[in-house]
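First comes the structure, then the notes that go with it.
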Amino acid sequence: MENVNGIQIALLIRDINNKITNDINREFVSTGFTLPQLNVIKELALKNQLMVSELGQRMGLTNSTVSGILDRLEKQNMIERVRSHEDRRVVYVKLTPEGFSQVSRLRDIIDNYFNHLFFGVSEEKLKEIQNGLTTLNKIVSQKIK
């Protein structure tokens with residue numbers, strides 16, 4: 001059996017991530033949203049409202065990049081910016097009613113995508129994949145603080 005090293009694992013993760021990301025992008029073209037916009041919608045659906053800096057941290061993006069994404073979502077009436085009553089310099093971002101109505105539609109698309117992706121894969125194989133990824137996540141979490 002061939003020796004396995006960290007670089008091979010990292011390349012495999014990158015390859016899987018690229019394939020799924022590209023395929024999801026194609027799947028979501030019909031929604032009119034980009035993947036970063038969908039990530040913002042997801043984060044806001046989870047937390048109700050966040051500051052721009054919090055969104056940036058959660059998504060691993062700069063505030064200026066997040067602001068650009070928010071500008072486009074605001075033009076689509078998906079989000080609104082609300083100034084804090086306590087500190088006018090603080091701006092919160094939250095989903096509009098239209099934004100909330102899109103959340104369930106987008107969740108359905110994602111659910112259908114992954115159901116289709118793993119259709120026909122045995123429960124045993126799915127558990128094996130999950131166990132392997134859980135182990136990898138634990139190893140990485142222990143090494144990267």
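Numbers here simply count residues along the sequence, with the first being 1.
Between N63 and S53, the closest heavy-atom pair is OD1-CA, 3.3 Å. Closest approach of I41 to M78, counting heavy atoms only: CD1-CE, 4.0 Å. When all heavy atoms of I79 and E74 are compared, the pair lying nearest together is CG1-N, 3.7 Å. Here the closest non-hydrogen pair linking T65 and T62 is OG1-OG1, 2.8 Å. Contact between T96 and N77 at its shortest, heavy atoms only, is OG1-O, 2.6 Å. For the residue pair R83 and R88, the shortest heavy atom distance occurs at NH1-O, 2.7 Å.
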Residues V91, V82; criterion side-chain contact (heavy atoms from CB on, under 4.5 Å); working and verdict: CA-CA 6 Å; V91 177; V82 180; over 6 Å; no
Salt bridge (Lys or Arg N to Asp or Glu O under 4.0 Å) between R26 and D23, intermediate numbers included: CA-CA 5 Å; R26 280 191 296 277; D23 202 37; 3.1 Å; yes
side-chain contact (heavy atoms from CB on, under 4.5 Å) between E98 and Q76, worked out: CA-CA 9 Å; E98 172 66 18; Q76 294 173 295; over 6 Å; no
Derivation and outcome, side-chain contact (heavy atoms from CB on, under 4.5 Å), residues I9 and I13: CA-CA 6 Å; I9 293 170; I13 292 168; 3.9 Å; yes
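Note that CG of L70 is 6.5 Å distant from CG of L73, once rounded to the nearest 0.5 Å. The CD atom of E128 sits 10.0 Å away from the CG atom of L126 when rounded to the nearest 0.5 Å. Taking CG from D71 and CZ from R81, the interatomic distance works out to 4.5 Å, rounded to the nearest 0.5 Å. Atom CZ in F114 sits 5.5 Å away from atom CD1 in I20 (nearest 0.5 Å). Rounding to the nearest 0.5 Å gives a distance of 6.5 Å between OG1 of T34 and CD1 of I69. Annotation: the span from M51 atom CE to Q57 atom CD amounts to 8.0 Å, rounded to 0.5 Å.
Within a 6.0 Å sphere centred on CD1 of I7, heavy atoms belonging to other residues, nucleotides or ligands number 12 at most.
When atom types are taken as modelled, the side chain of Q8 and the backbone of N5 share a donor-acceptor pair closer than 3.5 angstrom. A donor-acceptor pair is defined here as one N or O able to donate and one able to accept, closer than 3.5 Å; no such pair exists between the side chain of D15 and the backbone of L11. Without hydrogens or angle criteria, N22 side chain to N18 main chain gives a donor-acceptor distance under 3.5 Å. R105 contributes no side-chain N or O that, together with a main-chain N or O of S101, makes up a donor-acceptor pair within less than 3.5 Å.
The hydrophobic cluster containing L44 does not contain V90, counting ILVMFWY residues as joined when their side-chain heavy atoms lie under 4.5 angstrom apart, directly or transitively. Hydrophobic cluster membership differs between L136 and L12, with clusters built from Ile, Leu, Val, Met, Phe, Trp and Tyr side chains linked at under 4.5 angstrom. Y113 and V29 end up in different hydrophobic clusters when Ile, Leu, Val, Met, Phe, Trp and Tyr side chains are linked at under 4.5 Å. Linking ILVMFWY side-chain heavy atoms closer than 4.5 Å, directly or via other members, places L55 and L46 in two distinct hydrophobic clusters.
Proximity of V52 to Y92: side-chain heavy atoms (C-beta onward) are nowhere separated by under 4.5 Å. With a 4.5 Å cut-off on side-chain heavy atoms, F118 and K125 do not count as touching. With contacts defined as side-chain heavy-atom distances shorter than 4.5 Å, the pair L50/V93 does not qualify. Counting heavy atoms from C-beta outward, Q49 and L95 have side chains that stay 4.5 Å or more apart. Side-chain contact check for Q130 versus T134: some heavy-atom pair is nearer than 4.5 Å. Side-chain contact check for F100 versus N48: some heavy-atom pair is nearer than 4.5 Å.
Side-chain atoms of S122 and E124 form no donor-acceptor pair, as typed in the model, at a separation below 3.5 Å. Side-chain contact annotation: S67 with S64, donor-acceptor N/O pair under 3.5 Å absent.
Shown here are the side-chain contact (heavy atoms from CB on, under 4.5 Å) partners of I144, two or more places apart in sequence or in another chain: V140.
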